[in-house]
Amino acid sequence: MSEEKNDDLEAVRAEKLRKIEALGVDPWGRRFDDHSAIADVRARAPEAAQPGDEVPGPRVRIAGRIMLRRVQGNVHFLELRDWTGRIQLFVGKKQVGPEAWELAKQLDLSDLLGVDGTLGFTKTGELTVFAESLTFLGKSLLPPPEKWHGLTDIEARSRMRYLDLFSNPESLQTFLGRSKIVSSIRRTLESRGFVEIEGPTMQSIAGGAAARPFVTHHNALGLDLYLRIALELHLKRLLVGGMERVFELGRVYRNEGISRKHNPEFTMMEAYQAYGDYHTMMELTEALIGNAILAVDGNYTRTIHVGPEGEAAPVTVDFTPPWPRKTYNELVLEHAGVDPADPEAVKARAESLGLETAGKDPVVILGELFEEAVEDQLVGPVFVIDYPAPLCPLTKRKAGRPEIAERFELFVLGMELANAYTELNDPILQEQLFRQQLAGLPEEESMAKMDEDFIKALKHAMPPAGGLGIGIDRLCMLLLDRPSIRDVILFPLLRPQSSLGSVGG
RNA sequence: GCCCUCCUAGCUCAAUUGGCAGAGCAGCUGACUCUUAAUCAGCGGGUUCCAGGUUCGAGUCCUGGGGGGGGCACCA
């Protein structure tokens, strides 16, 4: 029984754990059945007892983490939080009895606690659970972040997401929101008869997009493998196999830079519908994103802060479908002020914006001009349709107009949210386009291999189809109004922290 | 990979020209049965990211390293 002063926060909590054990209480808790969500308890406020009432309010049982503690002699006010909300507890020495009171005195911020009590209002009108008994559910051996500011350091929040989630309610809401979005997307697809499949993530040829893959190695096969960079080619094989409406919602990996909008692993949804085309996919996109936005908070409009720390004024975007369709060419004319069919004018305009044009294909210059002069202007939501064919090696050409590809991209606030094609199902043309694409690339800029098996699949006849891809992380950024992709990815990639003081390194 | 910038107590933040490293919260002791970031009195708490350098003196200046954030490039 040491009375020595102890300034070590961990040691103080460890000592409390020993005291809790000494009371005969398991400091790590046990199964705790039939407790209510705090939000549900709050909803019963109309039944709660008022200060003068003879009859106690309804009995409730809740569980959660102690977020705030106001000790007032023989009464402790605690604030308990679960993932639905927070509520005040009244713990009185007289009311809970001597044993529970001994336990109450050992409680720390951040401990987990179950409570049985009655619902009522305090004299100051705060909805409160008046505790009758306490069930200890978990000792926190480390001090929590500051009770008012929470954890603000972005690095710490990403590395210790558990702390971020329980000390920053808006962070928990963001990730619950992401879950609603993903679940809504699955519901919408399933309601339209799409089936979800799981393609291979380790592939010997990483195709379906132009991106640098990660390399891994299979020991027993003595084989280098790539992590997938897209879902596309395997889903199309399934179209050939007769899965007429098929989608995958999963992780893809691209070995490229990290930024506010890029994480090396991210979540894609790709859906393919046999006998559809890109117009079918536009309608599907409106349903998918429209339903997702409603699933978050029942409203089609969003106020979105563009850029870090909300530098610019927030922009309000209305997602009420249908959304306008504009052709690539008319947007170039509208925002860049040049005729896209006039290569010299396009080149001149690109150069006036400081773009390097020397030795570049006219269509590439046009693409760069579009990115530079048009994309940022697209507040949207707007479908940009009918792309120059050379930019789209996996896309069917418009009937009678081989220079135009039946493709759309959905833009909101200058960000590409969705990308869709009428899928190219001509194996001869597909093989030719692959060869052209590979011809210009250095050997290591891999993806750089012809996927012979995919071509073979097409030769067995793939139905004409519409295909759609949506980057789920960016969709979440927009719908949840978070400025960084790291705010919507639970565990974004970070460099390992240099371990100070650890030996053997 | 390049440029800019940040790293101080468990957490949130101060520290003038280079001059004794501070506050709030959290913690500890005491008072308090209706508080609301409770309040009041008292107490303890630091490898200023790391390693060097300049200096009588470095949290502050210089060099190198680590990690983060923003931008560029690559991409979605």
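A, B, ... follow the sequence lines: proteins, then strands. Residue 1 opens every chain.
Residue Arg260(A) has a polar side-chain atom (N or O) positioned under 4.0 Å from OP1 or OP2 of G71(B). Listed pair Arg70(A) / U35(B) fails the phosphate criterion, with no side-chain N or O lying under 4.0 Å from OP1 or OP2. Contact check, Lys147(A) against A26(B): a side-chain N or O comes under 4.0 Å of OP1 or OP2. For Gln72(A) and C34(B), the shortest distance from a side-chain N or O to OP1 or OP2 is below 4.0 Å. For the pair Lys261(A) and C74(B), the criterion of a side-chain N or O lying under 4.0 Å from OP1 or OP2 is not met.
Taking the side chain of Lys93(A) as heavy atoms from C-beta on, and the options U33(B), A76(B), G10(B), the nearest nucleotide is U33(B). Of the candidate nucleotides C74(B), C11(B), A26(B), A26(B) has the atom lying nearest to any side-chain atom of Leu109(A). Listed nucleotides: C32(B), U33(B), C74(B). Nearest to the side chain of Val71(A): C32(B). Closest to the side chain of Lys16(A), out of G67(B), G27(B), G69(B), is G27(B). Checked against C34(B), G67(B), U33(B), the side chain of Thr122(A) finds its nearest nucleotide in C34(B). Across A38(B), G67(B), A76(B), the shortest atom-to-atom separation from the side chain of Arg159(A) is found for G67(B). Distance from the side chain of Leu68(A) is smallest to A38(B) among C28(B), G70(B), A38(B).
If Arg474(A) and Glu79(A) are placed on RNA chain B by their nearest nucleotide, the residue sitting closer to the 5' end is Glu79(A). Take the nearest nucleotide of RNA chain B for Lys123(A) and for Arg69(A): the residue whose nucleotide is more 5' is Lys123(A).
U8(B) and C28(B): their C1' atoms are spaced 24 Å apart (whole Å). The C1' atoms of C62(B) and C74(B) are separated by 34 Å, rounded to the nearest whole Å. Distance noted for atom C1' between U55(B) and U17(B): 15 Å (whole Å). If you take atom C1' in G27(B) and the same atom in C56(B), they sit 39 Å apart, rounded to whole Å. Comparing the P positions of U54(B) and U60(B) gives an interatomic distance of 15 Å, to the nearest angstrom. Taking atom C1' in both A15(B) and G52(B), the straight-line distance is 25 Å, to the nearest Å. Using atom P as the reference point in both C61(B) and A14(B), the two lie 15 Å apart (nearest Å). Using atom P as the reference point in both A58(B) and G19(B), the two lie 11 Å apart (nearest Å).
Counting non-hydrogen atoms of neighbouring residues, nucleotides and ligands closer than 6.0 angstrom, the CD atom of Gln377(A) exceeds 12 such neighbours. The neighbour count for Glu198(A) CD, taken as heavy atoms of other residues, nucleotides or ligands under 6.0 Å away, does not exceed 12. Trp83(A) CH2: 12 or fewer foreign heavy atoms inside a 6.0 Å radius.
Remark: C25(B) base-pairs with G10(B); criterion is Watson-Crick or G-U wobble with both hydrogen-bond distances under 3.5 Å. In this structure G30(B) sits in a base pair with C40(B), meeting the Watson-Crick or G-U test at under 3.5 Å. Nucleotide C2(B) forms a pair with G71(B), judged by Watson-Crick or G-U wobble geometry with both contacts under 3.5 Å. Shown here, U16(B) forms no base pair; nothing in the strands shown gives a Watson-Crick or G-U wobble contact with both key distances under 3.5 Å. Within the shown strands, G53(B) is the pairing partner of C61(B) under the Watson-Crick or G-U definition, both distances less than 3.5 Å.
The nearest whole Å value for the distance from the CD atom in Glu10(A) to the P atom in G27(B) is 15 Å. A straight line from CG of Leu78(A) to C1' of C34(B) spans 14 Å, rounded to a whole angstrom. For Ile258(A) and G70(B), the CD1 to C1' distance is 14 Å, given to the nearest whole Å. Straight-line distance from the OH atom of Tyr162(A) to the C1' atom of C11(B): 14 Å, rounded to whole Å. Atom CG of Leu141(A) and atom C1' of A26(B) are 16 Å apart (whole Å). Separating the NE2 atom of His149(A) from the P atom of A9(B) is a distance of 16 Å, rounded to the nearest angstrom. Per the geometry, CD1 belonging to Ile66(A) stands 13 Å off P belonging to A38(B), to the nearest Å. Regarding Glu146(A), its CD atom lies at a distance of 15 Å from the P atom of U8(B), rounded to whole Å.
No aromatic stack links Phe77(A) and the base of A38(B), using centre distance under 5.5 Å and interplanar angle under 30°.
Taking the six-membered ring where tryptophan is involved, the planes of His76(A) and Trp101(A) are tilted, since the angle between them lies from 30° to 60°. Under the 30°/60° scheme for interplanar angles, the aromatic rings of Phe90(A) and Phe130(A) are found to be tilted.
Residue-level contact check: Arg157(A) touches neither bases nor backbone, having no heavy atom under 4.0 Å from any strand. Across all strands, Gly469(A) comes closer than 4.0 Å to no nucleic acid atom at all (heavy-atom distances).
Judged by distance alone, with hydrogens and angles left aside, Thr152(A) brings no side-chain donor or acceptor close enough to the base of U12(B) to form a pair under 3.5 Å. Contact of Glu126(A) with U35(B) (side chain to base): no donor-acceptor pair of N or O atoms is detected under 3.5 Å.
At a threshold of 4.0 Å, the pair Arg18(A)-Glu21(A) does not count as salt-bridged, since none of the basic side-chain nitrogens sits closer than that to a carboxylate oxygen.
At least one side-chain heavy atom of Leu119(A) sits less than 4.5 Å from a side-chain heavy atom of Ile87(A). Residues Leu235(A) and Phe247(A) fail the side-chain proximity criterion, which asks for heavy atoms closer than 4.5 Å.
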